[in-house]
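Working notes for the structure below.
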2 protein chains.
Amino acid sequence: MSDVLPVITRKEREFQAREELIITHARRLLLEKGFQAWNMEQLAEAVEYSKGTLYQHFSSKEDLVLAVATASLRQRADMFEKASHFQGLSRERIRAIGFACCEFALSCPEYFHVEMMLKSASFWEKASEERRHAHSFQGARCWRIINNLVVEAMALGDIPRGQYSPEQATFSLIAVTVGSHLMGREPQFRVQAGIQNPMLAVRLNQDLICDGLGWKPLLKDHDYAATDSRILAEVFPNAAAWLNADP
Amino acid sequence: MSDVLPVITRKEREFQAREELIITHARRLLLEKGFQAWNMEQLAEAVEYSKGTLYQHFSSKEDLVLAVATASLRQRADMFEKASHFQGLSRERIRAIGFACCEFALSCPEYFHVEMMLKSASFWEKASEERRHAHSFQGARCWRIINNLVVEAMALGDIPRGQYSPEQATFSLIAVTVGSHLMGREPQFRVQAGIQNPMLAVRLNQDLICDGLGWKPLLKDHDYAATDSRILAEVFPNAAAWLNADP
DNA sequence: GATAATATTTGACCAATGGTCAAAATGTGA
DNA sequence: TCACATTTTGACCATTGGTCAAATATTATC
């Protein structure tokens, strides 16, 4: 060992790499089978370690699943951050975050399903304290990015002041987004609603909330197609793939 | 046995009564502990029957939980139906359904949590065919009641035609409602958003979507406080308890 | 390179629990 | 009262999340 001050030793690097490997495989299993339909033995086989080794990384199956969710949530916050730097009107920037949300949903398709499990108290309390904290932290990042933008929009007068608090408006945006993603994944609802592309349904609902808030310029008063082109070009080039599609 | 033509025999009545007893206790356990933190043995003890008897009613734990969800969903559809008969403008009627939704959430607090479990494929496929069908049926009832109202509102010109399809609008309303209920139950979000009364947050978000859809009369153009008084008096007298509260 | 000391990995094992079924208990009719 | 049918039961099984002593690998020392 030649390095005098290795901040991270080789062992630690290997440990982290293995943890990522486990999380990646667990994510795949979650996407393919949900929570119940696979067991730790199978996961151990997939990553070519034994069950005991898994438990050196995660205190329980729930702890592992929370780690998967938090890894995704960190990605989400990163994408929100990137989108929030988009240059434009406040409503154009919230629009960019809306795009980020869809990009994320496509890149981590298991996320919303896993996040719903976490709502169960018994699930949450089986995870370790550190991981619960890490998850809250990433969740708070997402919240803050949106809320800051809403606060700014109100300061600029883009959202009428006095009607709703910034926190209420932020809550509305998040609630409609989560609800749209969850419902859009439901085959039964998709058929009933005639939805071909769930992401466009999410985007539409976000627009409805913004219009409802009176966030200027309203959908009818601005050429948002031009905004979308810029968002595509500057922030999410991959979004073109899902953007041009049926309702 | 004196009755000549009993459509339902005494045995069958007893069987149904016991099924309801089991469902009621299972609902309580779900509310108190979620899904994992109780077992069939404990439930059997609570209803004072043995495990084997439970399995004469339900093919699996998942099947039982689906039955709980469907029983709640039936209540939900019933309340929607009641609310949809409210006499008034189309937007006043969707408002009455919004009230129904909150009344329901208070009366079946376990519902949204259980409903989220059903999204997991492995869960759904462990339940019996009949119960899956019954659940879809009640879900479709809820959908239809809202969608009919939206169609009618568009026919009346209360919602501008041509912009969104009735199905899209229905989807928006349901998505925002589900999302708001789920997020409103999350302590972390409640604190961040400064929400005292989750039901009012749900109602607000529904109003935002309606305004966003341009559903006339808009919030600012009508005395909806008067509408609310009528809804309270005519349809949901109990709603007064949760309506008068902080944001 | 040999050996001792330390760290890591393993899989047999345990406890909990969803689900089954032969036997016991209960109900019914003659 | 007895024979037959139906219902209820709980011992039993298989699966699986989680543990830990033993085996294996790594590192340090001479």
Side-chain angles (χ1 to χ4, degrees), chain A residues 1-4 6 8-19 21-23 25-26 29-30 33-68 117 120 122-128 131, chain B residues 1-4 6 8-19 21-22 25-26 29-30 33-68 114 117 120 122-128 131:
Chain A
M1 212 157 305
S2 54
D3 292 349
V4 182
I8 290 178
T9 66
R10 178 174 64 81
K11 293 249 170 186
E12 282 169 336
R13 273 203 313 280
E14 284 173 1
F15 189 86
Q16 284 189 359
R18 191 169 60 188
E19 188 148 315
L21 179 75
I22 298 170
I23 287 177
H25 278 264
L29 287 169
L30 280 165
K33 306 170 179 250
F35 179 70
Q36 300 263 20
W38 55 277
N39 60 43
M40 296 300 270
E41 194 65 50
Q42 285 165 27
L43 176 59
E45 233 168 89
V47 295
E48 294 184 292
Y49 284 95
S50 76
K51 212 162 47 155
T53 302
L54 297 188
Y55 280 92
Q56 286 205 323
H57 289 263
F58 308 98
S59 68
S60 66
K61 192 178 179 183
E62 283 81 1
D63 196 44
L64 164 60
V65 170
L66 179 58
V68 174
M117 288 182 205
S120 154
S122 70
F123 196 102
W124 191 251
E125 67 204 18
K126 274 178 197 158
S128 66
R131 286 214 161 74
Chain B
M1 212 157 307
S2 55
D3 292 348
V4 182
I8 292 177
T9 66
R10 177 175 63 79
K11 293 249 170 186
E12 283 168 336
R13 271 203 315 279
E14 285 174 0
F15 189 85
Q16 284 189 359
R18 191 171 59 188
E19 188 149 315
L21 179 75
I22 298 170
H25 279 263
L29 287 170
L30 281 166
K33 306 172 180 245
F35 179 70
Q36 300 262 20
W38 55 276
N39 58 44
M40 297 299 270
E41 194 67 51
Q42 285 165 28
L43 176 60
E45 233 168 86
V47 296
E48 291 183 297
Y49 284 94
S50 76
K51 215 162 45 156
T53 302
L54 297 188
Y55 280 91
Q56 286 208 322
H57 290 262
F58 307 96
S59 69
S60 65
K61 192 179 179 183
E62 283 81 1
D63 196 46
L64 164 59
V65 169
L66 179 58
V68 173
V114 173
M117 287 183 208
S120 154
S122 71
F123 197 102
W124 191 250
E125 67 203 17
K126 276 179 195 157
S128 65
R131 286 212 160 76

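Chain letters run A, B, ... following the sequence lines, proteins first, then strands; residues in each count from 1.
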Partners passing ring-ring contact (aromatic ring centres under 6.0 Å, His included) against B/His57 (at least two apart in sequence or in another chain):
B/Phe15

Tell me, do B/Leu66 and B/Met117 make a side-chain contact under 4.5 Å, heavy atoms counted?
no

Tell me, please, which residues at least two apart from B/Phe58 pass ring-ring contact (aromatic ring centres under 6.0 Å, His included).
none

Where along residues 46-57 of chain B does a heavy atom fall under 4.0 Å from DNA chain D?
B/Tyr49, B/Ser50, B/Gly52, B/Thr53, B/Gln56

Rounded to whole Å, CZ of B/Phe58 lies from P of D/dT8 at a distance of 14 Å

Starting at CD of B/Gln36 and ending at C1' of C/dA16, how long is that distance when rounded to a whole Å?
12 Å

Quick one: is D/dT8 close enough that its OP1 or OP2 comes under 4.0 Å of any side-chain N or O from B/Arg18?
yes

Rounded to whole Å, how long is the line connecting atom CD of A/Glu14 with atom P of D/dA25?
15 Å

Could you check whether B/Arg131 pairs with B/Glu125 (Lys NZ or Arg NE/NH1/NH2 to Asp/Glu carboxylate O, under 4.0 Å)?
no

How would you list, by chain and number, every residue that makes a side chain to side chain donor-acceptor pair (under 3.5 Å) with B/Ser128, sequence neighbours excluded?
B/Asp63

Passes side chain to side chain contact (heavy atoms under 4.5 Å, CB included), A/Tyr55 versus A/Met40? Steps please.
CA-CA 9 Å; A/Tyr55 280 92; A/Met40 296 300 270; 3.5 Å; yes

Separation of atom NZ in B/Lys126 from atom P in C/dG19, rounded to whole Å
7 Å

Could you list the residues that satisfy side chain to side chain donor-acceptor pair (under 3.5 Å) with A/Ser122, not counting sequence neighbours?
A/Ser120

Going by salt bridge (Lys or Arg N to Asp or Glu O under 4.0 Å), name the residues that satisfy it together with A/Glu41, two or more places apart in sequence or in a different chain.
A/Lys51

Test ring-ring contact (aromatic ring centres under 6.0 Å, His included) applied to B/Phe123 - qualifying residues, sequence neighbours left out
B/Phe35

Specify the residues of residues 59-67 of chain A, ordered by number, for which at least one heavy atom lies under 4.0 angstrom from an atom of DNA chain C.
none

A/Leu29 CG to D/dT16 P: how many Å, rounded?
13 Å

What's the CG-P distance between B/Asn39 and D/dG17, to the nearest Å?
16 Å

What's the CZ-P distance between A/Phe35 and D/dT16, to the nearest Å?
13 Å

Spacing between A/Lys33 atom NZ and D/dT16 atom C1', to the nearest angstrom
15 Å

